[in-house]
**Q** 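Got a structure here, written out as structure tokens. Questions coming.
A note on names: the letters A, B, ... follow the listed sequences, proteins ahead of strands, and every chain is numbered from 1. Quantities reported herein were computed from a predicted structural model and do not represent experimental measurements.
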Amino acid sequence: MLNSTINQDFFLSDAISLAKNLLGKILVRTINGQQIKVRIVETEAYMGANDRASHSYQFRKTSRTLPLYQIGGTTYIYLIYGMYYCFNIVANAQENPQAVLVRAGEIISGQKIIEDYLKPTKRKQSLAKLASGPGKLAMVLKIDRSLNQISLLNNQELTLIADDFTVNEEDIIAAKRINIDYAKEDKEHLWRFYLKNHLAVSK
DNA sequence: ATTCGGATTCTCT
DNA sequence: GAGAATCCGAATA
């Protein structure tokens, strides 16, 4: 399998393009020298200042949303419902606060390591379902606030790579984003993207 | 200082 | 399909 690193330019597009381009790419999480790899199969684009669903709607700038104003490739991680983390990858140049929520992934290595820290009840879930949702994906990758606002380029603990897995346009399904009823008309956009027929896509 | 509710998930029914 | 779990950011005052 041919692996290649991903450079800065990859992240310097709008969030919709980045959300599609992230499908099929691999998140590599390193914990105590051991690697967990998850292939991204579902994403959502949050388009920033003009998107009511976005935390940076109307350029809202608070301590939480500061990572969104950094350069593409920066992480944006926050706690939701008091118990789950959402992992986002910032898109675009500085001061253009768009990001992609990584919603689901396929575990392709490191299953043993993951089982060591999952709750016993979770361990018997099928592998395909373990990272089938944003909170679950963050749990599998042990992503929490300590990884917030870091660059995915050349980071020791969390990086993004590509292999020879290819995604064609016809393999990508576009759908409405999930759980953003508060976003009024912006909830209608088809800014959720996932790989057709993939088992690990969230329900 | 206080209030409100969320880019979720699991466990019931 | 409904309800709970559970923290903290954001808005209001």
**Q** Are any of A:Arg192's side-chain N or O atoms less than 4.0 Å away from OP1 or OP2 of B:dA7?
**A**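 No, no such contact exists.
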**Q** Taking 5.5 Å and 30° as the limits, would you call A:Tyr46 and the base of B:dA7 a stacked pair?
**A**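 Check passed, A:Tyr46 stacks on base of B:dA7.
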**Q** Using a distance-only test with no angle check, is there a side-chain donor-acceptor pair under 3.5 angstrom linking A:Glu42 and A:Ser202?
**A**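 Note: A:Glu42 and A:Ser202 side chains meet the donor-acceptor criterion.
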**Q** Can you check whether A:Thr62 has a side-chain N or O nearer than 4.0 Å to OP1 or OP2 of C:dG9?
**A**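 For C:dG9, neither OP1 nor OP2 has a side-chain N or O of A:Thr62 closer than 4.0 Å.
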**Q** Hey, does A:Arg60 reach any base, or is it just sugar-phosphate, or nothing, if we go heavy atoms under 4.0 Å?
**A**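 Sugar-phosphate contact only.
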**Q** A:Tyr194 has an atom OH; how far is it from atom P of B:dA7, in whole Å?
**A**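 About 21 Å, once rounded to whole Å.
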**Q** Rounded off to whole Å, could you give me the NZ-to-P distance for the A:Lys184 and B:dA7 pair?
**A**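 Rounded to whole Å, this separation is 15 Å.
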**Q** What's the CZ-P distance between A:Arg64 and B:dG6, to the nearest Å?
**A**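 Rounded to the whole Å, the gap is 12 Å.
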**Q** Is the positively charged end of A:Arg39 above the ring of A:Phe165, judged by distance under 6.0 angstrom from the centroid and angle within 45° of the axis?
**A**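 Geometry flag: set, cation within 6.0 Å and 45°.
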**Q** Which of the following nucleotides, C:dA10, B:dA7, C:dC7, is nearest to the side chain of A:Leu101?
**A**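 My answer, after comparing the listed nucleotides, is B:dA7.
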**Q** If you count every heavy atom of other residues, nucleotides or ligands that lies below 6.0 Å from A:Glu188 atom CD, does the total exceed 12?
**A**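 It does: A:Glu188 CD has more than 12 such atoms within range.
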**Q** When only distance counts, do a donor and an acceptor, one from the side chain of A:Tyr78 and one from the base of B:dA7, lie under 3.5 Å apart?
**A**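 Counting by modelled atom types and ignoring angles, a donor-acceptor contact under 3.5 Å is found here.
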**Q** May I have the distance from A:Lys61 (atom NZ) to C:dA10 (atom P), rounded to whole angstrom?
**A**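 It works out to 14 Å between those atoms.
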**Q** Output yes when at least one side-chain N/O atom of A:Tyr76 is less than 4.0 Å from OP1 or OP2 of B:dA7, else no.
**A**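 Answer no for this pair, as no side-chain N or O of A:Tyr76 is under 4.0 Å from OP1 or OP2.
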**Q** Which part of the nucleic acid, if any, lies within contact of A:Gly135, taking any heavy atom under 4.0 Å across all strands shown: a base, the sugar-phosphate backbone alone, or nothing?
**A**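 Answer is sugar-phosphate: A:Gly135 comes under 4.0 Å of backbone atoms only.
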**Q** Say we look at B:dA7 and C:dG1: how far apart would their P atoms be, to the nearest angstrom?
**A**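 Result for the P pair: 22 Å, nearest Å.
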**Q** Whether A:His55 contacts B:dA7 is assessed here as follows: a side-chain N or O lying under 4.0 Å from the phosphate OP1 or OP2. Is that the case?
**A**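 It does, given that an N or O in the side chain of A:His55 lies less than 4.0 Å from OP1 or OP2 of B:dA7.
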**Q** Searching all strands shown, indicate the nucleotide that pairs with B:dA7 (Watson-Crick or G-U wobble; both distances under 3.5 Å).
**A**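 Pairing partner, where one exists within any strand: none, as none qualifies.
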**Q** Count the heavy atoms of every other residue, nucleotide or ligand shown that sit under 6.0 Å from CG of A:Asn154, and state whether that count exceeds 12.
**A**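 At most 12 heavy atoms, drawn from other residues, nucleotides or ligands, come within 6.0 Å of this atom.
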**Q** A:Tyr69 side chain to A:Phe59 main-chain N or O, any donor-acceptor pair under 3.5 Å?
**A**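 Looks like yes, one N/O pair under 3.5 Å.
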**Q** Any strand counts, and the cut-off is 3.5 Å on both contacts for Watson-Crick or G-U wobble. Which nucleotide pairs with C:dT6?
**A**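 For C:dT6, the partner nucleotide comes out as none, under the 3.5 Å rule.
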**Q** Nearest heavy atom decides the nucleotide; on that basis, is A:Arg145 or A:Met83 closer to the 5' end of DNA chain C?
**A**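 Closest to the 5' end, via its nearest nucleotide, is A:Met83.
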**Q** Does A:Arg103 have a side-chain nitrogen or oxygen under 4.0 Å from the phosphate oxygens OP1 or OP2 of B:dT8?
**A**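 Answer is yes, contact under 4.0 Å.
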**Q** Is there a stack between A:Tyr84 and B:dT8, judged by ring centres under 5.5 Å and planes under 30°?
**A**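 One would not call A:Tyr84 stacked on the B:dT8 base.
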**Q** Counting any heavy atom closer than 4.0 Å, what does A:Thr65 reach on the DNA or RNA strands: base, sugar-phosphate only, or nothing?
**A**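 Sugar-phosphate: the residue A:Thr65, judged by heavy atoms under 4.0 Å, touches backbone atoms but no base.
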**Q** Let me know the distance between CD1 of A:Ile80 and P of C:dA10, rounded to the nearest Å.
**A**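 After rounding, the gap between these two atoms is 11 Å.
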**Q** Look at the side-chain N and O atoms of A:Asn179 and state whether any lies under 4.0 Å from the OP1 or OP2 oxygen of B:dA7.
**A**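 Result: no.
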**Q** Kindly indicate whether a cation-pi arrangement holds for A:Arg64 with A:Tyr76, taking the cut-offs as under 6.0 Å to the six-membered ring centre and within 45° of the axis.
**A**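 Cation-pi check for A:Arg64 and A:Tyr76: fails.
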**Q** Without decimals, in angstroms, what is the distance between A:Lys136 NZ and B:dT11 P?
**A**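 Rounded to whole Å, this separation is 10 Å.
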**Q** Could you give the CD-to-P distance, from A:Gln98 to B:dA7, as a whole number of Å?
**A**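 That distance rounds to 18 Å.
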**Q** Can you tell me the distance, in whole Å, between the CD1 atom of A:Ile77 and the C1' atom of C:dC7?
**A**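 Checked: the CD1 to C1' distance equals 17 Å.
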